[in-house]
Amino acid sequence: MTQGTLSMVGTPIGNLSDVSPRVQQVLAESDVLLCEDTRVTSKLLAHFGIRVPLQRADENVLADRIPQVLDRLAAGERVAFVSDAGMPGVSDPGQRLVDAALDAGQRVEVIPGPSAVTCALVASGLPMEHFFFEGFLPRKRGAIATRLRELAPIPGALVFYESPHRVVQTLSVIAEVFPLRRVALVRELTKLHEEVVRGPSPQLVEEIAARAEVKGECVIVLEGPVEGEQGLAGAAGPQLSLEDAIAEGLAAGESASRLAKRLAKEYGVPRAQVYDRVVALS
């Protein structure tokens with residue numbers, strides 16, 4: 001059987017100078033280049049003067065592309081796959097393509113490149129002997145809180161991707177569920193305005209919420225379990241977000257002061273902070 005090569009190629013997450021000579025060579029020698037967005041990848045190729053046929057292969061159409069790709073590989077061609085930024089296959093549909101190629105007995109190679117996950121971990125300065133990459137959390141507050149509590153026992157740092165438009169909400173839920181942990185917000189990795197902001201989770205969300213806006217794609221790094229938080233974020237802890245618990249208490253007719261006292265103890269949040277939220281929601 002003729003064997004081609006599927007090349008999973010890492011591309012820059014911001015700084016085009018991070019493209020290695022090997023990346024350029026593989027892209028230039030490919031018979032076809034699959035990508036998430038042809039407009040994004042066209043700019044990368046134009047910067048290095050590379051001409052190669054492009055095909056869109058995002059999560060909406062990749063399943064239809066796979067049979068064609070396997071035919072090309074069987075014919076001995078080199079097919080390259082890139083995401084818009086970073087290592088393909090990590091939090092994108094490229095994994096399914098690798099799986100199909102390996103099942104078909106075709107050769108798969110990985111051309112290393114930048115990864116926002118590992119870059120953010122290093123930049124955070126938080127302990128990372130062990131870590132867990134979650135990707136994007138759910139969009140609704142209650143679902144975020146539920147997922148965070150499920151992740152609470154993991155003995156290592158937690159890494160999340162987040163949109164700049166939702167990062168304040170996500171950080172606020174992290175502060176509610178993990179008030180004793182440190183967290184780092186890493187944004188604009190490898191770019192001119194790269195920034196790392198870190199601190200105790202309640203303090204960090206206040207700092208970021210005070211900004212007029214947050215720009216650039218964000219990575220959140222949350223440190224692993226810390227002493228004293230048992231029962232606050234784990235399975236035995238609260239099952240609702242703080243806002244939902246406040247709403248439930250108010251609906252039941254509980255007084256503001258009594259509700260604030262109870263929830264402050266349950267969620268490990270300062271009583272005054274809970275009371276302010278109770279007043280705002282009542």
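Both backbone and side-chain heavy atoms feed into the values below; hydrogens, waters and symmetry mates do not. Numbering starts at 1 and runs along the sequence shown.
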Shortest non-hydrogen contact from A260 to V274? CA-CG1, 3.7 Å

Could you grab the distance from atom CZ of R198 to atom CD1 of I220, nearest 0.5 Å is fine? 15.5 Å

Are Q24 and L27 side-chain neighbours, meaning at least one heavy-atom pair lies under 4.5 Å? no

With distance as the sole test, does T190 use its side chain to make a donor-acceptor pair with the main-chain N or O of N15 at under 3.5 Å? yes

Heavy-atom donor-acceptor pair, S20 side chain to V23 backbone, under 3.5 Å: yes

Applying side chain to side chain contact (heavy atoms under 4.5 Å, CB included), run through V98 and F81 and close with a yes or a no. CA-CA 10 Å; V98 173; F81 183 96; over 6 Å; no

Who passes side chain to side chain donor-acceptor pair (under 3.5 Å) against D244, sequence neighbours left out? S241

Go through the steps for T5 and V79 under the test side chain to side chain contact (heavy atoms under 4.5 Å, CB included), then give the verdict. CA-CA 6 Å; T5 300; V79 177; over 6 Å; no

With sequence neighbours left out, what residues match K215 under salt bridge (charged side-chain N to carboxylate O under 4.0 Å, His left out)? E213

Any sub-3.5 Å donor-acceptor pair from Q106's side-chain atoms to G4's backbone N or O? yes

Atom CD1 of I13 and atom OG of S115: how far apart are they, to the nearest 0.5 Å? 7.0 Å

How many angstroms lie between atom CD of E134 and atom CG of L222, to the nearest 0.5 angstrom? 11.5 Å

Would V159 and L121 satisfy side chain to side chain contact (heavy atoms under 4.5 Å, CB included), going step by step from the backbone distance to the final call? CA-CA 8 Å; V159 186; L121 278 165; 3.7 Å; yes

Can you name the closest pair of heavy atoms from I144 and Q169 and give their distance? CD1-NE2, 3.6 Å

Using modelled atom types only, decide if a donor and an acceptor are shared between the side chain of T170 and the backbone of V167 within a distance under 3.5 Å. no

Do V221 and M128 have side chains that approach each other closer than 4.5 Å (heavy atoms only, starting at C-beta)? no

Test item: S124 side-chain N/O and L126 main-chain N/O as donor-acceptor pair under 3.5 Å: yes

Answer yes or no: is there a donor N or O on one side and an acceptor on the other, between the side chain of E59 and the main chain of P93, under 3.5 Å? no

Over all heavy atoms of both residues, which pair between P114 and D18 is shortest? Give the atoms and the distance, please. CG-CB, 3.9 Å

Roughly how far apart are C218 SG and E188 CD, rounded to 0.5 Å? 8.0 Å

Taking atom types as modelled and ignoring hydrogens, do the side chains of Q25 and E29 form a donor-acceptor contact shorter than 3.5 angstrom? yes

Contacts of E195 that satisfy salt bridge (charged side-chain N to carboxylate O under 4.0 Å, His left out) - sequence neighbours left out: R187, R211

I'd like to check the side chain to side chain donor-acceptor pair (under 3.5 Å) partners of R166; sequence neighbours left out, ordered by chain and number. E162

Test item: E176 side-chain N/O and L242 main-chain N/O as donor-acceptor pair under 3.5 Å: yes

Separation between CZ of F160 and CG of L137, rounded to the nearest 0.5 Å: 5.0 Å

Are L6 and M8 packed together at the side-chain level, in the sense that at least one heavy-atom pair is separated by less than 4.5 angstrom? yes

Testing the basics here: between S201 and V183, what is the closest heavy-atom pair and its distance to 0.1 Å? CA-CG1, 3.7 Å

For the side chain of T41 and the backbone of T38, is there at least one donor-acceptor N/O pair under 3.5 Å apart? no

Apply side chain to side chain contact (heavy atoms under 4.5 Å, CB included) to L281 and E243, showing your working. CA-CA 8 Å; L281 291 171; E243 276 72 14; 4.1 Å; yes

Tightest non-hydrogen contact, residues P112 and R22, listed as CD-NH1, 3.7 Å

Does the side chain of S7 pick up a donor-acceptor pair with the side chain of R78 at under 3.5 Å? yes

Over all atoms of both residues, closest heavy-atom pair of L54 and C35: CD2-SG, 4.3 Å

Sequence neighbours excluded, the answer for salt bridge (charged side-chain N to carboxylate O under 4.0 Å, His left out) partners of R258 is none

Nearest 0.5 Å please: distance from the SG atom of C119 over to the CD atom of E194. 8.0 Å

Atom pairs and distances, side-chain donor-acceptor, residues 61-75, under 3.5 Å, sequence neighbours left out:
| from | atom 1 | to | atom 2 | distance (Å) |
| --- | --- | --- | --- | --- |
| R65 | NE | R56 | O | 2.7 |
| R65 | NH2 | R56 | O | 3.2 |
| R72 | NH1 | E77 | OE1 | 2.5 |

